[in-house]
Amino acid sequence: MPSTPDLDAVIVGAGFSGLYMLHRLRDLGGLSARVYEAGGGVGGTWYWNRYPGARCDSESFYYSYSFSEELQQEWVWSSKYPEQPEILRYLEHVADRFDLRRDIRLDTRVTAAVFDEDGDCWEVHTDDGEAVTARYFISAVGCLSAANVPAIPGLDRFQGTWYHTGAWPHEGVDFSGRQVGLIGTGSTGIQAAPVIAAEADHLTVFQRTPNYSVPARNFFMTPAQTAQIKADYGEIRRKARASWGGFPYDVSPHSALEVDPETREATYEQLWAEEGGFKFIYGSYWDLLRDEEANETAAEFIRGKIRQIVKDPGVAERLVPRGYPYGTKRPPVDTHYFETFNRENVALVDLRETPITEIIPTGLRTTTTEHDLDILVFATGFDAMTGSLLRIDVRGRGGRSLRDKWASGPTTYLGIQVAGFPNMFVITGPGSPSVLTNMPLAIEQHVEWIADCIAFLGEHGLTRVEATEEAEGMWVDHVRQVAESTLFMRADSWYVGANIPGKKRVFMPYVGGFAPYRQRCEQVAANGYEGFTFGRR
Ligand code: NA7
């Protein structure tokens, strides 16, 4: 007779996902759950990413929990795009307000999770040598947590100090009087460069791929703006849930090619100059990510802006993105990024012209030049969507390893479950809209669906739920087909794993839109969890 597991659920990670998952499971009544968190505090992404300039690039009043009316009415955001410490404070407040900390083990990394077929439960191992059993194993590890430090020869001999932006020291880094090198011009490098440049003696930005960045147009919230948003929250959240990307933006029903060029230019100008941020792409013409010619209108507009802002035409041309459609790499949002290249203490190195050959004790060497550096900052991103889960040795039925199963790319049913891995749930896993949406909204939808599924098992005296191979295969095909109907496959992005050498090229998030995806998940549940099998011990 198999024994009862120690816990109902183990949740890995105490960021947006893990905190809400714990709260929701507690709401089911009588369920025991424990969160393991590798960091020394709650907050996930917002605990780790403390680099200069780190801030949200989704609007705070959208990028926040909606599950508690009291919480969203009480909490006051300082600005449209708050800095990292404020978002971390918010998550700490959530942990306290909902009394979550008593079930969170900090400074503890989950190293392995093995499914026990006799007991219908998971045995979860941590780096402090502990092992617990739990009916459900829930991954809340986040999509962008496994730091990618490129294997550039010589890093171990570097006599300066180096950092990855996703593991930034809590005490901060003093750049004053220093020669700084920054590798990477994704969302992170683009946020960090202006702030580092303002402090350092000299900043060299090493760019592999130029990016289409749009100004943030950040602002401090007035009491009137805050009051208006709080009054409108019901409608804001409803509209966000009914949208493609989880943002309550008004999207033009027109193709970018249907309107006359003057109208189109005026629309882009207004979005660039007044609105800023993701509205430029997600709140303009509906076909920017579907039609190459439509996309090119926005891409060319941004190229024109870069040429206007950057005074040195040679530098401007190196910063101008070409060869991939706008938005098919994650679109950055900046505050004075392109203007930074007008500073005397900033240089741009185009790694396509002069690749890095090695890191040397005194800095970094490209094919043509030796750059003296005291500090090297890697803003080189993450092993996205799969890296953080695969760091754990996850073994499902028959001892099958998730690393093996996903060797040719991640496979899931709805991005939530993996065939062969019963009772394991992945919050915002590959195959779900996740990183293409406003994350907290996507997280809430997953957490609520998972909690409902667990409640369903409880109500029916069931102890096992598993996606079928057939349902998974159908979903994987669908995710691929939808991606192929867009322009996303044209870019070497982390969405397709192109940033990690050797990673199989597969488009990982689900691009079919948040609203249709949510409906699909609801329909699956309403049809008695179509595509899942159940069992009982
Ligand atoms: P990203 O978006 O993956 O950007 C990483 C940047 O680092 C990007 O410019 C890469 O160039 C560059 N990179 C990566 N590896 C190398 C090597 N080996 N040499 C030179 N340059 C390299 O990560 P971020 O941290 O900016 O953003 C991640 C997400 O966090 C972001 O999208 C938000 O969701 C929050 P590439 O473009 O691959 O040529």
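Numbering of ligands and ligand atoms starts at 1, following listing order. What's counted below: heavy atoms across the whole structure, side chains too, no hydrogens, waters or symmetry copies.
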Subject >> Heavy atom of the protein closest to atom 9 (O) of ligand 1 (residue, atom name, distance) >> reply: Thr185 N, 2.9 Å
Original post:
Among Val435, Thr380, Leu144, which residue places a heavy atom closest to atom 30 (O) of ligand 1?
Top reply: Leu144
Original post:
Short list, please: which atoms of ligand 1 are under 4.0 Å from a heavy atom of Thr188?
Top reply: 24 (P), 25 (O), 26 (O), 27 (O)
Subject >> Closest protein heavy atom to atom 1 (P) of ligand 1, given as residue, atom name and distance to 0.1 Å >> reply: Trp494 CD1, 3.7 Å
Original post:
So Tyr163 and Trp168, would you call those rings parallel, tilted or perpendicular, with 30° and 60° as cut-offs?
Top reply: tilted
Original post:
In terms of side-chain geometry, is the basic nitrogen of Glu296 or Arg303 positioned less than 4.0 Å from the acidic oxygen of its partner?
Top reply: yes
**OP:** Over 60° means perpendicular and under 30° means parallel, so classify the ring planes of Phe67 and His23, tilted if in between.
**Re:** tilted
Subject >> Atom indices of ligand 1 within 4.0 angstrom of Gly381 heavy atoms, with elements >> reply: 3 (O), 5 (C), 23 (O), 25 (O)
**OP:** Classify the ring geometry between Tyr212 and Tyr324 as parallel (under 30°), tilted (30 to 60°) or perpendicular (over 60°).
**Re:** perpendicular
Original post:
Using the ring of each side chain (for Trp, its six-membered ring), is Trp75 parallel, tilted or perpendicular to Tyr90, with breaks at 30° and 60°?
Top reply: perpendicular
**OP:** Would you kindly specify which portion of Ser187 sits under 4.0 Å from ligand 1, judged on non-hydrogen atoms: side chain, backbone, both or neither?
**Re:** both
Subject >> Closest approach of any protein heavy atom to atom 36 (P) of ligand 1, naming residue and atom >> reply: Thr209 OG1, 3.4 Å
**OP:** Would you please classify the geometry between the His170 ring and the Tyr47 ring as parallel, tilted or perpendicular, with 30° and 60° separating the classes?
**Re:** perpendicular
Subject >> Polar atom proximity, Asn499 to ligand 1 (N or O, under 3.5 Å) >> reply: no
**OP:** Identify, by atom number and element, the atoms of ligand 1 in contact range of Pro150, meaning under 4.0 Å from any of its heavy atoms.
**Re:** 17 (C), 18 (N)
**OP:** May I ask you to decide if the ring planes of Trp475 and His478 are parallel, tilted or perpendicular, using 30° and 60° as cut-offs?
**Re:** tilted
**OP:** Measure the distance from atom 4 (O) of ligand 1 to every protein heavy atom, then report the residue, atom name and distance (to 0.1 Å) of the closest one.
**Re:** Gly186 CA, 3.5 Å
Original post:
Under 3.5 Å, is there a donor-acceptor pair between the Asp174 and Ser176 side chains?
Top reply: yes
Subject >> Donor-acceptor side-chain pairing of Tyr51 and Gln84 below 3.5 angstrom >> reply: no
Subject >> Geometric N/O contact Ala379 with ligand 1, under 3.5 angstrom >> reply: yes
Subject >> Per-atom contacts of ligand 1 with Gly184, taking only distances under 4.0 Å to non-hydrogen atoms >> reply: 6 (C), 7 (O), 9 (O), 12 (C)
**OP:** Report, in ascending order of atom number, the atoms of ligand 1 lying under 4.0 Å from any heavy atom of Leu351.
**Re:** 20 (C)
Original post:
Any luck finding a side-chain donor-acceptor pair between Glu300 and Tyr268 under 3.5 Å?
Top reply: no
Subject >> Those atoms of ligand 1 less than 4.0 Å from some heavy atom in Ile183 >> reply: 20 (C), 21 (N)
Original post:
Counting heavy atoms only, which of Gln207, Arg208, Gln191, Lys329 comes nearest to atom 19 (N) of ligand 1?
Top reply: Arg208
